[in-house]
Amino acid sequence: MQVLVFSNQKGGVGKSTLSVLFAHWLAERHGARVGVIDLDTQCNCSKSLHRFDSGMEAVALFESQPVRIPEAAASSITLLRGSKRLADLELAKPEVVIPLFRKQVTLLARAFDYVVVDTPPALGLRMSAALIAASRVVCPIELEEYSIDGVTDMLKTIFGVQKRYNPELRLAGIVANRFNPHSVRQKAALHDLVLHYSDFVLPAKISTRSAIPEGLAAGVPVWQLAKSSAREASVEVLQVFELVKQRMERTAAAEVEEEGAS
Ligand SMILES: Nc1ncnc2c1ncn2[C@@H]1O[C@H](COP(=O)(O)OP(=O)(O)O)[C@@H](O)[C@H]1O
Ligand SMILES: [Mg+2]
């Protein structure tokens, strides 16, 4: 099992969108049992996945009472929904609630093949807790706002958590989302990033396509919409997801080898 966090301290880059689509993709295309934890008080991910609501709130994972969820079936999504109560956590003691969250997520993950965590757009307690409890992280970025320096800062945060708290954490990829294929500047920026950070930046992108939010508003992933614009969007999204999954597995295989060697 893997715990995958979609993370970036910036809002509007596609964390919630990609969390929801990736959960659908894993359940549908890989027959996986997928748990989804929504740590954002805006609850965008919970709104898109409301039909998979387990009745449990994600905030309960920060408490000592063990969270019990119904047994998951193959090809299913189980949502632990976001709520306003999550905001109170920012005032809680990190040394108390983060270890509780990590423990609860580890227990919860045993019931699933994958756990996907959507995070709020801030470097607060919930973002730290997610990175500390995770095995993989994906960072969606929007090239308009990101220079190479921005990516460097994000890598520092992730590798800082890895070094200090969670040696198992691996970056499964930086994903360029809301890409404008007509922008010469964005094309050049993506090219530069892939060159500078070939280990991290996926050689693929997801353009701005209205079919993506349209699908989510209707409660379905973009590849289930019968429209030609949805088809183009699907090709890009699925290509990115294949790469993310390959990287998740590649790092897992490398770890098994490392363990064998030591
Ligand atoms: N590739 C895309 N094409 C079109 N709209 C997108 C795309 N990715 C995200 N969006 C839209 O952009 C907004 C911000 O995305 P969201 O996933 O909520 O970002 P975050 O969770 O990082 O704040 C949402 O309205 C979402 O529907
Ligand atoms: Mg969001």
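For clarity, every value in this text was computed on a predicted model and none was experimentally measured. Both ligands and their constituent atoms are indexed starting at 1 by order of listing.
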Among all protein heavy atoms, pick the one closest to [atom] and tell me residue, atom and distance.
atom	result
atom 27 (O) of ligand 1	Pro213 CB, 3.4 Å
atom 17 (O) of ligand 1	Thr17 OG1, 2.5 Å
atom 8 (N) of ligand 1	Asn177 ND2, 3.0 Å
atom 19 (O) of ligand 1	Gly14 N, 3.0 Å
atom 7 (C) of ligand 1	Arg178 CG, 3.6 Å
atom 4 (C) of ligand 1	Arg209 O, 3.2 Å

Next on the checklist: If I take atom OG1 from residue Thr78 and atom CZ from residue Arg33, how far apart are they, to the nearest 0.5 angstrom?
Outcome noted: 9.5 Å
Checklist entry - Hey, what do you get for CZ (Phe179) to NZ (Lys205), rounding to the nearest 0.5 Å? => result 6.0 Å
Checklist entry - Going by heavy atoms, is Gly12 under 4.0 Å from ligand 1? => result yes
Checklist entry - Do any heavy atoms of Ser207 fall under 4.0 Å from ligand 1? => result yes
Donor-acceptor contact present, side-chain [X] to main-chain [Y], <3.5 Å:
X	Y	value
Thr41	Lys84	no
Gln65	Ala60	no
Ser54	Leu79	yes

Next on the checklist: Any protein heavy atom at under 4.0 Å, with atom 25 (O) of ligand 1 as the reference point?
Outcome noted: no
Checklist entry - Hey, is CZ on Phe159 packed in by over 12 heavy atoms from elsewhere, all under 6.0 Å? => result yes
Item to check | Note: Glu90-Arg126 ion pair, threshold 4.0 Å (strictly below) | outcome: yes
Checklist entry - Quick one: do Arg209 and Glu214 make a salt bridge, cutoff under 4.0 Å? => result no
For [X], counting its heavy atoms only, list the atoms of ligand 1 lying under 4.0 Å from any of them.
X	value
Val13	19 (O), 20 (P), 22 (O)
Gly11	23 (O)
Ile206	1 (N)

Checklist entry - Ser210 to ligand 1: N or O pair under 3.5 Å? => result no
Checklist entry - Are Gln224 and Glu28 close enough that a side-chain donor and a side-chain acceptor fall under 3.5 Å? => result yes
Item to check | Within reach of ligand 1, part of Ile212 (heavy-atom separation under 4.0 Å) | outcome: side chain
Checklist entry - Of the options Ser16, Ser48, Ser46, Ser83, which is the one that meets Asp38 in a side-chain hydrogen bond (donor to acceptor under 3.5 Å, both in side chains)? => result Ser46
Item to check | Metal proximity, Gln42 vs the Mg ion (ligand 2), N/O/S cut-off 2.8 Å | outcome: no
